[in-house]
Each structure stands twice: as structure tokens, then as C-alpha cells.
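Sequence lines set the chain letters: A, B, ... in the order given, protein chains first and strands last, and positions in each chain run from 1.
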Amino acid sequence: MSDSNTETARPIHDSTARAAKARTRKRVLLWSSWIGITLLLLVSMEVLNAVAGKLVMPSPVDVVREGVGMTLDGTIPRALGQSLTVLVLGYLLAAVTGIGIGIFLGGLPFAGRVFDPFVNAMNSTPGAAFIPLIIVWFGLYTEAKIVVVWNAALFPILINTAAGIASANRDLTEMAQSFGAGRWSLFWQVMVPDALPSILSGLRIGAAISTVGTVIAELTMAQSGLGGLLVAAGNRFQMDKYFAVVFVLMALGTAITASLRYAERRLGRWRVSMSEDH
Amino acid sequence: MTAPLISLRNVGKWFKDGRVVALEDITLDIAPREFVSLVGPSGCGKTTLLRLMNGLLQPDTGTVLVRGEAPTPNSDLAMVFQSARLLPWRSVLGNIEFVLALRGLSRTARRERSLGLLGAVGLRDFAEAFPHELSGGMQQRVGLARALAVEPDVLLMDEPFAALDAMTRETLRAELLKLWARRGTAIVFVTHDIDEAIFLSQRIVLLRPRPGAIETTLTVDLPEPRWETDPRADPRFAALRADLWNRIHAMSRDGAELEELAYAFDPGTTKGI
Ligand SMILES: Nc1ncnc2c1ncn2[C@@H]1O[C@H](COP(=O)(O)OP(=O)(O)OP(=O)(O)O)[C@@H](O)[C@H]1O
Ligand SMILES: [Mg+2]
């Protein structure tokens, strides 16, 4: 009934209806492109499989069958659980310490300058370089893997937090000072909230790196989790199993990024650039 | 004669170890309830003067006294800036409550007073809105309400209407005059706009640049209240305007600099300095 109203209503309604229709059309186009590209990739897999054999490329049908089988017999859920334990604990540890140290370094400019070269040196070193050291110090098992993830995710979070606070909006800090804000309220009520967008993008980068760190740790240390399954399947040339695990990792990474984007949008809803109409 | 509210004696201020002399030998008194405008070309130290008055800066020479004491940002002065400088993550109400919390008001007192002030500037319906949902003029009203919320004896306003369109500016000027008449706060008002200065103030302090110093002080003798009839029709308005113009032209014999001055004072130019 409201539909018929908008169809016959005055021009202003007409134009909003037209805009809505254009939006719907765009969304349909977007989804059909996504589905089309996915189908194309699956067909290419199938063709490559037919031409070059299943050692080079498994058939998508086999991948799905293996994926379902490994899910039902508990292999994938167990591996996913192990990976998530490493990833979540390592990431949380990195988030807490990164934000904590970042706030400290950003809020005390002198401390920030003292530690800047060291933070940069650590940040520029590839995370993998520390793995042998971490193995010597922490062993090969879950604790050590958590340390690998923590080490990889710490610096982007720390650096973004510190930079966000150090570059707090001078106009706002002067405003707060002119109304008598002391150091404490200036810091916690103006500078830290002002740095929130920067902190959140640090957290998002850190999350992406955590996923990488988890798989690398599982590949190079005691094999476990999804990374362990990758090695096991790869070593036995079971490419269908291998691809099933790759797809699970893809889904995991996408889910993590999407949920952080969602959190970012929720927490940053006061920002103009993130208003509803996106 | 009443004791001055703000009193500056031979105030000097420099930056970069004295290489930039921002202000030199400024002596100026502001009486309670007085409306004083500071005009002068860009860089002559108007903002610096306001910062000295509310204690954000300390003078290098001379003394700044507010009610006989050195000012701190906690004294009863409040600033209004050219851009509203609202905290974008807080609602309109939250922004006003923020400064009241700094002054140690209880939660209920904060809420009550904030809502009252939003009513005074006609924004009660926007209490829950976020700053980016407001127009520039509405944001500036919030900035004014926030400053009034701390119940200051002096409002220090740094080109508060410069970034607004002519229509909004006109409305806000009249509103400011009404608030001033009702509340009896003194106002120190920085502007580039000669007409605005004459329209609003009782006294105009003309500053000259490099180094910033007082060129002259003029009394604006126009009938009150000024929001009822347009004082621009008054011949005294035109006379004051001409006087100020002549002084500004006389301030420099150097042609290039004169052009710069004229540009700075042209009310038609929308400036974002
Ligand atoms: N923090 C600072 N460091 C160095 N120089 C400064 C500082 N603040 C002001 N100055 C200098 O002092 C002089 C006066 O500056 P001020 O901002 O008070 O001018 P203004 O009259 O407010 O100018 P405008 O009309 O453009 O706002 C300028 O020459 C400026 O460069
Ligand atoms: Mg200024």
C-alpha cells in the first residue's frame, strides 16, 4: 500500500523512489558481478583440473567434499579452535599492550622521542626474524605461537595509538585548556578520544597481521591448527584438502576484517566521513 | 569610576626568543559589562591579547590582571573561537556538560544548566545531535552557549562570526547584543570587520602591526539597544566608519602594505586566516 503511494505521489517522492530504485539496481549489479566472478574462478579451477590433473589443481567438487568431510570428522573444527586460540590471545595481548604503551608514549612527548628509534627499528624488522629467538625462549607450542602473533601485531597498534595522540587536534586542546581543563582531563577526555580513529585503524591492521602471524607460527613451529593442516595436506600432495583449508582461512580473515570494520563504524559514528549514507 | 575588570599595564609579548615581537606596551582597561572590540590587520596580536587575558599565555613584560589577580584559565573568563571547536564525539548537550564538568558541577546541575543555555540560543531540540549534524551558524551558537554556561564575567570572542554567511552573521550579532544586555557580561570581541565592530561595541581598540600596539581607542556613541533600529543609518555610524578608515590608511605610507591592510579590512572578503 505504501508502494502504490510512492509510485503516484508528488515529484519529491518520485525522485526519492527513483533514487531508491537506482540503489537497488546497483546492489543487484554488484552481487551478480561477485557471483559471476566466483563462478568464473570455480570454472577455471575445474578446467585446469581437467587439463593438468588434480596435482596441479583440484576440482572444486572434490574441495567441497573434502571440506565437508573434514568438518564432519572434526578435523577442521579442532584446527580452527587451535588457530583461534593462538590468534585471539595473541591479538588481545597485542591490543592491550600496544594501546597501553602507545598511550604512554603519545602522552609523554619526551618518552615518545626517547623510544621512537627503538620502536621504529622493531617495527621495520620482519616479524619472522624473531621466530628462532621466540622458539629458543618460549618453545614450540601454544605459548610461543601466541608470542609470535603478539610480536607481529604489537607495533602497528602501538605506533598508530601513539601517533594519534601525539597529533591531537590543537584547536580542541586549546579550547579545553581555555575552559580550565587540567592535564588529566585534557588527556583522557580530549586527546585520547580524538585519537580513537587512529587507534581503531591500528587495531584493524594488527588484526590482519595477527592472522598472518598465526599461520606462519603454525607452519614453522609445532604444526597445529589450520596452518598445520596446510602443511600436512601439502606434503602429501592432497590438493583438495589443501584448498579446503585455504578457503576456511579466507573466510576467517574476511570475517575478522568485516567485524572490525563494523566496530570501527559503530565507535566512530560521530565522524562525518562515516555517516549512514555510505 | 568602577574598578576595571581586566587591566593590562605595559604588556609585551614576544615569540621565538624575542625574534617576533607580537605585542608591545599594551595598556588597556576593560570595565565590567563593557563591550569592547579589538580591530587590526592580520598578525597584529589580537588572538595573542585574548590568550594573555585568560591566562593561556603569560606576558613577557608588564602585568595582566583580572579583578586584581593574574588570570588562569579557571577564572571567570570564557572563550568563543572562530570555528566552534566542539568535541565531535560528544553530543551538543555533552559538549556543554564537558566544560561544566571541568568546573566541578554535579551531574544534575550540569544537565539542567546545559539545557537552559541551549534554550537561550534556540537549540533545545538539538541537544542530542552531534556537531557535524549542525550548520555552521548552529555550531557557533553551541560555542556561545558553552561559553555562557560557565557564567563568565568576561566573554573573549575571537572572530566568532567571521566564517559564517552574511545572513547568519547578522542574526547572531543581534542575538549576541541581546544576550549581552540581559546577562551583563563584559565582552572583548576580535573582528576584522569595521562595521561589525561599530555595530556591536561601546569602544573600539584599533591595533597596529609589527609590533602589535594600540593605535587608538574610539568610543562608539550610538543609541541602545542597537538591534531594534539599524544603527548603520545613523550619521554617527558613517562618521565613525570614515574615521576608522582614515586611521587605517594613515597607519602605513607604504603602498604595498596599505593594500594588504585594505584587503584585511574589506568586509566583503571571506577570510579563513
Ligand atoms: N605560538 C606562537 N609562536 C610564534 N609566533 C607566534 C605565536 N603566536 C603568535 N605568533 C606571532 O605573533 C603575531 C601575532 O599573532 P596573533 O595570532 O595574535 O595575530 P592576530 O591579530 O590574531 O591575527 P589574525 O587576525 O590573523 O588572527 C604574529 O606575528 C604571529 O606570527
Ligand atoms: Mg587571530
Side-chain angles (χ1 to χ4, degrees), chain A residues 99 102-103 106-107 109 160-204 260-278, chain B residues 47-48 50-57 71-92 94-105 128-134 139 142-152 154-158 160 163:
Chain A
I99 292 175
I103 282 182
N160 270 281
T161 304
I165 290 173
S167 67
N169 186 331
R170 296 280 305 256
D171 283 355
L172 291 182
T173 53
E174 193 202 5
M175 179 279 293
Q177 278 173 317
S178 82
F179 281 100
R183 279 157 170 261
W184 187 258
S185 25
L186 186 67
F187 188 70
W188 290 106
Q189 299 194 55
V190 180
M191 294 168 80
V192 172
D194 194 46
L196 201 60
S198 180
I199 297 175
L200 286 173
S201 62
L203 285 175
R204 188 156 42 80
L260 276 158
R261 244 180 236 292
Y262 176 77
E264 212 167 330
R265 190 145 355 142
R266 289 293 312 210
L267 285 168
R269 86 196 116 90
W270 43 268
R271 290 174 78 203
V272 192
S273 59
M274 295 191 164
S275 59
E276 248 86 297
D277 48 18
H278 284 270
Chain B
T47 300
T48 305
L50 293 190
R51 289 187 177 137
L52 286 164
M53 287 182 189
N54 86 338
L56 277 176
L57 289 176
T72 65
N74 257 321
S75 354
D76 299 314
L77 303 100
M79 283 265 228
V80 179
F81 307 89
Q82 178 174 342
S83 65
R85 301 199 188 179
L86 304 174
L87 303 175
W89 55 88
R90 280 182 178 246
S91 68
V92 163
N95 263 281
I96 301 178
E97 289 180 334
F98 169 67
V99 297
L100 293 178
L102 294 177
R103 305 276 166 133
L105 262 74
E128 302 302 329
F130 282 87
H132 72 84
E133 298 168 315
L134 268 52
Q139 292 182 16
V142 179
L144 182 59
R146 175 180 62 192
L148 290 171
V150 300
E151 301 191 331
V154 190
L155 273 182
L156 305 173
M157 308 182 78
D158 196 354

Heavy-atom pair with the smallest gap, counting every atom of [X] and [Y]:
X: Phe179(A); Y: Met79(B); value: CZ-O, 3.7 Å
X: Gln177(A); Y: Leu56(B); value: CB-CD2, 3.8 Å
X: Ala176(A); Y: Leu102(B); value: O-CD1, 4.1 Å

Measure the CD-OG1 distance between Glu174(A) and Thr47(B) for me, rounded to the nearest 0.5 Å.
->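 The distance works out to 8.5 Å.
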Per-residue contact mode, Leu86(B) against chain A (heavy atom under 4.5 angstrom) =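 Only the backbone of Leu86(B) comes within 4.5 Å of chain A.
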Against chain A, label Arg146(B) side chain, backbone, both or neither, depending on which of its atoms sit under 4.5 Å from a heavy atom there.
->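 For Arg146(B), backbone and side chain are both near chain A.
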Show the numbers, then the answer: is there a side chain to side chain contact (heavy atoms under 4.5 Å, CB included) between Leu196(A) and Trp89(B)?
-> CA-CA 10 Å; Leu196(A) 201 60; Trp89(B) 55 88; over 6 Å; no
Please walk me through it: do Gln189(A) and Leu87(B) pass side chain to side chain contact (heavy atoms under 4.5 Å, CB included)?
-> CA-CA 9 Å; Gln189(A) 299 194 55; Leu87(B) 303 175; over 6 Å; no
Which bit of Ser185(A) is near chain B, if near means a heavy-atom gap under 4.5 Å: side chain, backbone, both or neither?
->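 Just its side chain gets close to chain B.
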